[in-house]
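To keep things clear, I will list the structure first and then write my remarks on it.
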2 protein chains.
Amino acid sequence: MFRKILAAEDIDSIHAAVISQLDQLTHAEIHQAKYCDEAYLKVKKALLDGEPYDLLITDLSFKQDHRDTVLESGEDLIKSVKETQPEIKVIAYSIEDRSYKIKALFEECGINGYVSKGREGSKELEKAVIALAGDTENYVPAPLSNIFQANNIIEIEEYDLKLIKYLSIGLTQDEIGAKFKKQGNVPSSNSSIEKRINKLKLYFKAKNTIHLISNAKDLGLI
Amino acid sequence: MFRKILAAEDIDSIHAAVISQLDQLTHAEIHQAKYCDEAYLKVKKALLDGEPYDLLITDLSFKQDHRDTVLESGEDLIKSVKETQPEIKVIAYSIEDRSYKIKALFEECGINGYVSKGREGSKELEKAVIALAGDTENYVPAPLSNIFQANNIIEIEEYDLKLIKYLSIGLTQDEIGAKFKKQGNVPSSNSSIEKRINKLKLYFKAKNTIHLISNAKDLGLI
DNA sequence: CATTTCCTTACGGTTTTCCGTAAAGCTGTT
DNA sequence: AACAGCTTTACGGAAAACCGTAAGGAAATG
């Protein structure tokens with residue numbers, strides 16, 4: 001079983017529930033964080049002190065408040081943590097239930113378990129913790145186990161999502177190209193971006209970019 | 001203080017936290033519901049039995065699952081409950097933090113208190129419960145108290161709504177003009193439509209039309 | 001190593017949007 | 001009738017998006 005657990009979550013109600021639950025389930029030392037940055041610093045410090053966490057349970061979305069923050073989302077946090085301490089186990093605990101998003105979490109952020117907040121969230125969380133405490137490498141809840149079957153659903157990648165997001169916040173294709181270049185993200189040429197948007201328009205049966213973004217919003221992609 | 005409280009919420013973690021909190025705070029009989037329909041039935045039954053609830057605390061969004069449901073959202077639930085038992089106090093407890101949405105909850109659903117889930121959600125909830133238990137009619141958390149000041153009301157007419165809707169389904173400004181002409185809707189010239197879109201962009205602080213539609217969707221206008 | 005294939009980039013021409021200015025029309029006042 | 005104030009319409013140039021075609025490059029195949 002785990003010895004030292006960090007729970008990152010900004011909604012205090014959930015926080016309280018998760019902690020009391022972990023307390024009953026394990027004998028671990030349980031710490032908490034209400035901000036991504038805070039969580040990251042704790043992970044880092046624990047590692048330096050030679051007493052690293054062996055499990056991180058984190059939400060994905062954190063509200064912004066007055067504080068200046070470096071890490072803005074659970075995804076950012078997970079990536080940073082996994083860079084610092086690759087062997088740590090991470091469970092994402094979020095309201096998110098879109099399978100392609102969850103798939104991306106496993107593939108791009110390297111999470112080891114996903115639990116969807118909901119009517120049976122606590123039970124699922126418990127199962128995930130127990131599974132990962134054993135020798136299970138990745139825990140995917142049963143109803144989602146199909147997400148890794150090859151070509152199942154949409155083939156929208158991180159890149160497309162980013163593109164759509166940038167469009168939706170009012171950036172021009174030029175600006176998006178510049179942004180991608182800065183991020184070292186390819187393809188980044190105006191031409192490619194244009195082409196990609198075109199593909200997306202075909203895919204989503206949109207007449208123009210406005211329509212595309214409108215559809216993407218309806219589908220909950222952004 | 002309240003004697004009988006119903007808490008409706010689908011995320012079990014939050015549920016547990018809210019209930020244990022209410023338990024400590026009040027001597028009330030506390031019931032729970034994980035579905036809108038379930039909550040509504042409980043309110044109705046309690047009323048018929050002559051032992052009505054005097055406080056309902058509810059989330060706004062409930063996940064869909066296998067069940068067939070009549071009421072699909074917290075708003076629906078609140079409206080139905082207030083019709084059935086107008087004097088019941090209702091606190092909405094949600095992640096929502098857009099002030100115009102919250103304002104609408106007070107004005108259209110008749111809620112008596114709003115608490116935003118977040119880092120201090122529990123404390124706020126406690127304050128709201130205490131305030132409403134006294135003779136306070138409506139409890140609005142301090143950071144939102146400005147939402148009822150007149151001048152931030154949105155002045156969007158039917159015409160603008162139609163315009164935004166047409167844009168969102170991919171029509172060009174030309175096409176929209178033609179459509180308006182056919183409907184005998186003025187103004188219908190390209191120039192006027194252009195100008196109107198411009199005003200809307202200013203109003204919604206949008207950089208371009210894509211951004212405008214994106215914002216309009218976020219605001220729930222369409 | 002040559003060839004094929006796929007992806008990225010470049011470019012030119014057309015359409016649509018964007019933006020400012022100005023004319024035309026309508027209304028109410030003096 | 002003259003005038004001011006407002007809305008609608010018209011128009012022209014700049015910017016951005018749209019669309020097709022083609023060149024350049026990298027990886028894969030034989």
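Proteins get letters first, then strands, A, B, ... in listed order; numbering begins at 1 in each.
Regarding A/I210, its CD1 atom lies at a distance of 10 Å from the C1' atom of C/dT16, rounded to whole Å. We find that CG of A/L167 is positioned 8 Å from P of D/dA17, with the value rounded to whole Å. For A/L171 and D/dA16, the CG to P distance is 12 Å, given to the nearest whole Å. Computed from coordinates, the A/L212 CG to D/dA17 P distance equals 13 Å when rounded to whole Å. One interatomic measurement links the two molecules: CG of B/L163 to P of C/dT17, which rounds to 12 Å at whole-angstrom precision. Separating the CG atom of A/N190 from the P atom of D/dC18 is a distance of 13 Å, rounded to the nearest angstrom. The distance between atom CD1 of A/I197 and atom P of D/dA17, rounded to the nearest whole Å, is 8 Å. Note: NE2 (A/H211) to P (C/dT17) measures 14 Å, nearest angstrom.
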Criterion side chain to side chain contact (heavy atoms under 4.5 Å, CB included) on A/T84 and A/Y40, from CA distance to verdict | CA-CA 9 Å; A/T84 309; A/Y40 180 58; 2.9 Å; yes

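Checked against D/dT9, D/dC19, D/dA17, the side chain of A/N198 finds its nearest nucleotide in D/dC19. Nearest to the side chain of B/T209, among C/dC19, C/dT17, D/dT9, sits C/dT17.
Nearer to the 5' terminus of DNA chain D, by closest-nucleotide assignment, is the contact made by B/K199 (compared with the other of A/E194 and B/K199). Along DNA chain D, the nucleotide nearest to B/N208 and the one nearest to B/R196 differ in position, and the one closer to the 5' end is contacted by B/R196.
With a 6.0 Å cutoff to the six-membered ring centre and a 45° limit on the axis angle, A/R119 does not count as a cation-pi contact of B/F62. A cation-pi arrangement, defined by a distance under 6.0 Å to the six-membered ring centre and an angle within 45 degrees of its axis, is present between A/K179 and A/Y166. Figure legend: A/R3 and A/Y53 shown without cation-pi pairing, the cationic atom not lying both under 6.0 angstrom from the six-membered ring centre and within 45 degrees of its axis.
Every residue meeting the side-chain hydrogen bond (donor to acceptor under 3.5 Å, both in side chains) condition with A/D59, not counting sequence neighbours, appears here in chain and number order: A/K117.
Using a 4.5 Å cut-off on side-chain heavy atoms (C-beta onward), B/I11 and B/I14 make contact. Put simply, the side chain of A/I78 reaches to within 4.5 Å of the side chain of A/L60, judged on heavy atoms.
Using a cutoff of 4.0 Å between basic side-chain nitrogens and carboxylate oxygens, B/R196 and B/D160 are scored as salt-bridged. Here B/K127 pairs with B/E124 in a salt bridge; the nearest charged N to carboxylate O distance falls below 4.0 Å.
Against DNA chain D, the stretch residues 172-189 of chain B makes heavy-atom approaches under 4.0 Å through B/P187, B/S188, B/S189.
Residue contacts for B/K201: at a heavy-atom cut-off of 4.0 Å it reaches the sugar-phosphate backbone alone, with no base atom in range.
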Measure all distances between protein nitrogen or oxygen atoms and nitrogen or oxygen atoms of nucleotides 22-24 of chain D, and list the pairs falling under 3.5 Å.
none

